Amino acid sequence: MIIDKRYEPKEVEGEIYDFWLKNSYFKGKIVKGKKPFVVVIPPPNVTGSLHMGHALNNTLQDILVRQNRMKGVPTLWVPGTDHAGIATQNVVEKQLAKEGKNRHELGRAEFVKKVWEWVDEYGDIIIKQLKKLGCSCDWSRQRFTLDEDYSAAVQKAFEHYYKKGWIYQGERVINWCVRCQTALSDIELEHKEVEGSLWFVRYPLKLKTKNEKLKTKYITVATTRPETMLGDTAVAVNPTDKRYKNVVGKILILPLMGREIPVVAFDAVDKEFGTGAVKVTPAHDPNDFEIGKIHNLAKIKVIDELGKMTKEAGKYAGQKTQQARENILQDLQQKGLLLKTQKYVHQVPHCYRCGKIVEQLVSKQWFVNMQQLAQPAIEAVKNGKIKFEPKRWEKVYLDWMENLKDWCISRQIWWGHRLPVWQLKVKIKNEKLKIYVGGNPPKGYTQIDDVLDTWFSSALWPIAVFLKKNSSSEKLKSQNAKLKRVLDIFGEDLITDDLEYFYPTTVLSTARDILYLWVARMIFSGLEFMKEVPFTTVYIHPTVLNAEGKRMSKSLGTGLDPIELIEKYGADATRFGLAFQTTGTQDLRFSENKIVASRNFANKIWNASRFVMMQIANSKLQLKSQKGLKPNSPADRVILEQLNQTIYLVNQNLDKFRFGQAAEQLFQFFWHQFCDIYLEQSKKQLEGKKLRGNTQQILVFTLVNSLKLLHPFMPFVTEAVWQNLKKTVSLEPALISSCWPHSAEATRGKPKASSKN
RNA sequence: GCGCGUGUAGCUCAGAGGUUAGAGCGUGCGGUUCACAUCCGUAAGGUCCCUGGUUCGAAUCCAGGCACGCGCACCA
């Protein structure tokens, strides 16, 4: 026998993968009149390396893709990477810091060049890792969100929104990361519990005359951020609060600054919290900003973009916020205005990229008005055009969509798509700044510095991956009326037949934490630009937790490198082990045991196949179809029935994204029903001449179909066996493109009900 | 605060209104000529979180509670 008695993944995986590549099995082809099965990969960050979540998600996608490919459906899985604005910029900045430099010394052009160099050198790591995992992506279609054509599409999308009047520049209190030096959208924050304090500060009421005697001399406010009080321009109380009934409209003297500020009424003030009176800092709190709008309050910015006190902060100017806080508290204490201090645990926003505390400050940024975009995206889910799996995520999605705020899309970093916004160099006095939006600005205009939120471009992923001039697909030939609109938006140059054929995609499989950041935005973008949903099913895979039930994360040191698992146990074992643990309802508390068990299973498949091959060597066996099989013994009949049930159950479970149950069924069937029972039985049957021929037939038949069913889960070992088996039995040239078992008996043959009729 | 999820063998998890509740790993015992020791056979191991309700029958459905995890939120 040619093959070894132990399955050695390392010896076959590379070779098998090359074999698939060489024969273009992963290529997506347009087959007119046939509805394709299309998946776009959630593009990993170029800075990333494969973590367990990627390994899981891409295993599951590959299972679906391979199954559909075998079913004979035109199948395409588009791979690619995301430029990941802030994340990538941070990586390169860190590298620069090691050399004692910063990006400002380099200048914008030089810095961006450096990032591109970094991307060229390291950006492909994760792609190579996906290949190791066995992902059957169409690599000829690999995309990067900063590809030339992709960028063109991003620009067109911006222009489109702008023309509609949905993009505007506005002054708001935004989240500002002092470390990354950029604005962040609300969902780019991570709220972490921080043990802080609640300080109670007295704001004296202004006396009408020097000697006026007041019943109440102070209003006490509670704050977690005393340094912002320097920017206070009011104190707000609930209009129904009896305690403050008589002070609304009165004037207070802001301590330390001496500024006169009014007491105003505002519904949203919680009477129960603190003292029921809240200091109002319109420049540093979004709610206060709203109060300020209503009461026409000044916005006094006391903290700047570097996290230091501005000159508006009087004697505290130039101090870092923390330092200013301490000084202010000391000064208040001295003046007897600090009533008390309470320990207070609260949620503080941190930057999702660098982990530093985020400042809130007033700033001029670009926004997308969400009003008209949200509604169709809500409808599409409500009317079932997009289904969530598991279904409960639908509610999570809808809750967010129904409470959408405008999307802050400008970032003050350098790595990304620059806004196609230009302004006239010379600012004429008393005249609004002249702005041009688009690709060819008139003379004298310069482009503004901001770049777009990374998620603005990834929102276009299911569209933009099919927009490419020099793609394998040619420019649009068909004059499909449906695409007229898209042509108008993106222009002739970008539209290809691919877009017409492969959009909308079928399944989007992703992690729950980017449901808002990415999935929701793809949905409304798809509906806006294509007037059609970008995918019909959103599958949310379980989160991979470690043994302690903590989320696996590299930064937390709770990660586990899937590549190490592949090295140790093989890609098949890693994949099967992950799929096995994907049960649909629960998060996945990762256990290496399951990978070990799967490694053993791969070996079992290998050896059972070896046994079958030994039995049929030199037998010149002509493989019969199921109809041609003649089960002679009870064991024959049982194994064929069990195979049919397995085909049925695997299909059922995969249709419902029940990967674990499908894997379990295959494991049970192959190991216990086929190997433990039938293979043992066959040894007796093979002895006598009477049963020998049919037993051989059934052995091969069962093995061949098992390999097919197992292939999406364990592509390497099954293909390796197939290639060997092919030498003695006439089979399709490759398992990957062979025909998925779907005999009439199997599709109809539910697990047999004991009483028919 | 609101919402979501989970609780079943030592561990990780399936299952689900109806005999005796299952798997993998782990554990005990026995087994190496004859595909595989990454193996085979066999055994032990469960108050299905608690309380109440519906039912002929509940681990399963309902209500309440407890525990853990997660998401959202403008309690300053």
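Because the structure is predicted, anything quoted here is derived from the model rather than measured. In the text below, chain A, chain B and the rest are named by the order of the sequence lines, each starting its count at 1.
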Q | Donor-acceptor contact present, side-chain A/Thr275 to main-chain A/Ala277, <3.5 Å | A | yes

Q: Pull out every residue in residues 294-303 of chain A that has a heavy atom closer than 4.0 Å to any atom of RNA chain B, ordered by number, or say none.
A: none

**Q.** Distance, rounded to the nearest Å, where A/Leu725 contributes CG and B/A35 contributes P
**A.** 17 Å

Q) Side chain of A/Lys604, base of B/C36: donor and acceptor closer than 3.5 Å? A) yes

Q: Could you check which nucleotide pairs with B/G46 in any of the strands shown, counting Watson-Crick or G-U wobble with both distances under 3.5 Å?
A: none

Q. Quick one: is B/U38 close enough that its OP1 or OP2 comes under 4.0 Å of any side-chain N or O from A/Arg6?
A. yes

Q) Can you tell me the Watson-Crick or wobble partner of B/C29, both distances under 3.5 angstrom? A) B/G41

Q. How does each nucleotide of nucleotides 24-33 of chain B score, in 5' to 3' order, for protein heavy atoms under 4.0 Å: base (B), sugar-phosphate only (S), or none (-)?
A. SS--------

Q: Please work out if A/Asp676 contacts a base, only the sugar-phosphate, or nothing of the nucleic acid, heavy-atom cut-off 4.0 Å.
A: sugar-phosphate

Q: By nearest nucleotide on RNA chain B, pick out whichever of A/Arg658 and A/Phe590 is the more 5' one.
A: A/Phe590

Q: Using a heavy-atom cut-off of under 4.0 Å over every strand shown, decide if A/Arg392 touches base, sugar-phosphate, or nothing.
A: sugar-phosphate

Q) Quick one: what's the B/S/- string for nucleotides 71-76 of chain B, heavy-atom cutoff under 4.0 Å, read 5' to 3'? A) SSBBBB

Q.
Test your reading of the model: is there a side-chain donor-acceptor pair from A/His350 to the backbone of A/His191, 3.5 Å cut-off?
A. no

Q: Just name whichever nucleotide pairs with B/A14, Watson-Crick or G-U, keeping both distances under 3.5 Å, else none.
A: none

(Q) Only pairs with both distances under 3.5 Å count, Watson-Crick or wobble alike; so what is the partner of B/C70 in this structure? (A) B/G3

Q: Would you classify A/Leu545 as touching base, sugar-phosphate or nothing, given that sugar-phosphate means primed atoms plus P, OP1 and OP2, and contacts are heavy atoms under 4.0 Å?
A: nothing

Q: Write down the partner of B/A59 under the Watson-Crick or G-U wobble criteria, each distance required to be under 3.5 Å.
A: none

(Q) For the aromatic rings, using the six-membered ring if either is Trp, is the centroid distance between A/Phe659 and A/Phe576 under 6.0 Å? (A) no

**Q.** Nucleotide nearest A/Thr583 (side chain, heavy atoms from C-beta), chosen from B/G15, B/C4, B/C13
**A.** B/C13

Q.
Test your reading of the model: is there a side-chain donor-acceptor pair from A/Arg575 to the backbone of A/Ala571, 3.5 Å cut-off?
A. no

Q. Can we say A/Glu567 and A/Lys10 salt-bridge, meaning some charged N sits less than 4.0 Å from an Asp/Glu carboxylate O?
A. yes

Q.
Any base atoms under 4.0 Å from A/Lys683, or only sugar-phosphate, or nothing? Heavy atoms, all strands.
A. base

Q.
With a 3.5 Å limit on both atom pairs, tell me what B/C36 is paired to, counting Watson-Crick and G-U wobble, or say none.
A. none

**Q.** Residue pair A/Asp406 / A/Met370: nearest heavy atoms and the distance that separates them
**A.** OD1-N, 3.1 Å

Q) Cation over ring, A/Lys340 on A/Phe200, under 6.0 Å and within 45°? A) yes

Q) Hey, are A/Glu188 and A/Tyr352 close enough side-chain-wise for a donor-acceptor pair under 3.5 Å? A) yes

Q. A/Met614 side chain: which of B/A14, B/U38, B/A35 is closest?
A. B/A35

Q) Do we see a donor-acceptor contact under 3.5 Å between the side chains of A/Ser682 and A/Lys684? A) no

Q. Does A/Gln665 get its side chain close enough to the base of B/A23, under 3.5 Å, for a donor-acceptor pair?
A. no

(Q) Can you tell me if A/Gln661 touches the phosphate of B/C13, counting only side-chain N or O atoms and a distance under 4.0 Å to OP1 or OP2? (A) no

Q.
Using 30° and 60° as the class boundaries, would you call the ring planes of A/Phe670 and A/Phe674 parallel, tilted or perpendicular?
A. tilted

Q.
Need to verify one output field. Residue with the more 5' nearest nucleotide on RNA chain B, A/Leu679 or A/Glu664?
A. A/Glu664

Q.
Strictly below 4.0 Å, N to O, side chains only: are A/Glu680 and A/Lys683 in salt-bridge contact?
A. yes

**Q.** Polar contact flag, side-chain donor to acceptor under 3.5 angstrom, A/Lys301-A/Ser363
**A.** no

Q) Can A/Glu195 and A/Tyr344 be counted as having a side-chain donor-acceptor contact under 3.5 angstrom? A) no

Q. Do the side-chain N or O atoms of A/Lys5 get closer than 4.0 angstrom to the phosphate oxygens (OP1, OP2) of B/C36?
A. yes

Q: Please check the phosphate of B/U12 (OP1 and OP2 only) for any side-chain N or O of A/Arg589 closer than 4.0 Å.
A: yes

Q) CD of A/Glu8 versus C1' of B/C36: gap in Å, rounded? A) 13 Å

